[in-house]
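Right, one structure below, let's go through it.
The structure displayed is predicted, hence computed values, not measured ones. Both counts, for ligands and for their atoms, begin at 1 and track the order of listing.
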Amino acid sequence: MYISDIVSNMPEYVFSEFQKKKKDLEEKGIDVIDLGIGAPDLPTPDFVYDTLVEAAKEPANHRYSNYNGTLEFREAVADFYEKHYGVELDPETEVLTLVGSKEGLVHLIQALINQGDKVLLPNPGYPVYKMGVHLAGGESVELPLVQENGYVPNYDQLSDEDLEDAKLLFLNYPSNPTAATVELDTFHEAVKFARDKKIIAVNDSAYNLVTFDDYKAPSILQVHGAKDVAIELGSLSKSFNMTGWRIGFMVGNKDVIKAVATLKSNIDTSQFIPIQKAAAVALRSDFQSVRTNNQVFQNRMEKLYHALNEIGLKCEKPRGTIFIWAQVPEGFTSSSYSNLLLEEAGIIVTPGTAFGSNGEGYVRMSLSVTESRLDEVIQRLKRLGKLSAK
Ligand SMILES: *Cc1c(COP(=O)(O)O)cnc(C)c1O
């Protein structure tokens with residue numbers, strides 16, 4: 001049996017490892033609380049799946065979609081950008097349907113770089129970017145993101161060598177895993193940098209609609225002239241609790257969109273039409289379901305945030321995402337503290353180092369469990385705190 005070098009040199013998707021550990025513990029009868037989950041636990045809104053069910057009964061919807069997605073969905077995305085961000089998009093050339101944004105990220109890299117080209121990535125960052133670069137035979141150059149600087153890139157840290165043959169810059173705000181959020185000026189800088197260095201700037205906006213209170217996450221396309229050098233990926237996974245549906249979109253520079261659409265037309269032939277119809281209805285909705293979800297996540301966040309501070313685990317209060325990014329106590333590493341929580345408290349968290357070397361000293365806690373489970377987490381953490389203080 002032969003397996004390609006590229007796949008045999010690829011580590012298993014980081015999060016599948018934690019799922020294995022969880023299963024082992026549960027088989028031993030331990031009540032494990034999983035704060036490692038990177039997906040919402042809430043259901044997809046009724047009006048969305050009702051649309052899917054009706055559309056699925058229609059034989060005309062059983063055929064292949066247009067290879068770049070249905071015009072109906074692309075128009076819904078364009079209208080959403082106009083209404084939500086004041087950004088005009090041509091649904092024919094500046095919008096592409098994705099089978100979830102994860103494939104879009106990976107295909108985007110394959111469509112734009114040649115072997116040996118460099119891609120600038122956030123560290124810590126969503127692991128898919130780095131694997132995508134590996135799959136395309138490219139070279140990752142990591143942009144260190146640090147708390148003191150609000151987890152935004154400092155482009156001055158890049159050397160001329162880092163920038164030679166650099167083709168792409170990845171950003172992700174609101175961010176997984178740090179929960180960092182930004183104002184439009186961060187995107188102004190990114191667009192300017194991309195223009196100066198003749199690269200494409202990409203914002204992964206998977207959490208743009210998952211925000212708290214009055215904070216509204218900006219789009220990189222709101223920067224004047226951004227479409228010359230920028231791309232944004234969006235997803236219904238987190239905002240409408242549709243992770244399993246696999247539906248997202250790519251918007252921005254039309255030459256990039258065309259290149260990715262050409263690649264994808266040879267691979268996936270787009271998403272099932274009824275799923276695109278249901279997602280179009282979601283994007284055209286009044287977003288009441290999104291606000292309701294966000295309130296659920298915010299309540300959980302407030303509860304955990306206050307408890308962590310009381311216990312002495314330092315963290316910043318997020319303005320969005322479904323995560324809290326907390327500093328581990330003194331004397332621990334990300335990995336030793338995650339192991340302690342797992343073994344002594346039955347709590348799974350994700351060590352910050354799963355997202356890159358700059359994640360050292362932190363753990364990511366997901367807000368994808370109920371408030372009553374979070375109460376249990378808090379009790380266990382308090383008990384653990386007393387134990388280790390002895
Ligand atoms: C969840 C997530 C995605 C992937 O979302 P899908 O649309 O479900 O593929 C992309 N980027 C980040 C940062 C995420 O956390």
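- Figure legend: Arg364 and Phe323 shown as a cation-pi pair, the cationic atom lying under 6.0 angstrom from the six-membered ring centre and within 45 degrees of its axis.
- Both the backbone and the side chain of Ser101 come within 4.0 Å of ligand 1, judged by heavy-atom distances.
- The side chain to side chain contact (heavy atoms under 4.5 Å, CB included) test with Leu169 singles out one residue from Leu143, Ile200, Val202, and that residue is Leu143.
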Practice task
Take Arg246 and Glu103 through the salt bridge (Lys or Arg N to Asp or Glu O under 4.0 Å) test and state the conclusion after the steps.
Solution key: CA-CA 9 Å; Arg246 312 312 301 132; Glu103 65 88 357; over 6 Å; no

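- With ligand atoms numbered from 1 in the order given, ligand 1 contributes 13 (C) to contacts under 4.0 Å with heavy atoms of Asn172.
- Protein heavy atom at the shortest distance from atom 8 (O) of ligand 1 is Ser237 OG, 2.6 Å.
- What sits closest to atom 9 (O) of ligand 1 on the protein, heavy atoms only, is Arg246 NH2, 2.7 Å.
- The shortest contact between atom 11 (N) of ligand 1 and any protein heavy atom is with Asp204 OD2, 2.6 Å.
- Protein heavy atom in closest approach to atom 3 (C) of ligand 1: Tyr126 OH, 3.3 Å.
- Counting only non-hydrogen atoms, the option in Lys238, Met242, Lys102 that gets closest to atom 2 (C) of ligand 1 is Lys238.
- Judged by distance alone, the side chains of Thr93 and Asp90 do bring a donor and an acceptor atom under 3.5 Å apart.
- Taking a cutoff of 4.0 Å between a charged side-chain nitrogen and a carboxylate oxygen, Glu344 and Arg380 do not qualify as a salt bridge.
- Ligand-side atoms of ligand 1 in range of Gly100: 7 (O), 9 (O), range being under 4.0 angstrom from any heavy atom.
- Using bins of under 30°, 30° to 60° and over 60° for the plane-to-plane angle, the ring pair Phe249/Phe73 lands in the tilted bin.
- Residue-level proximity to ligand 1 for Glu103 is absent, since no heavy atom of it falls below 4.0 angstrom.
- Between Tyr81 and Tyr85, the two ring planes are tilted [angle within 30° to 60°].
- Per-residue contacts place Ser235 under 4.0 angstrom from the following atoms of ligand 1 (heavy atoms of the residue considered): 5 (O), 6 (P), 7 (O).
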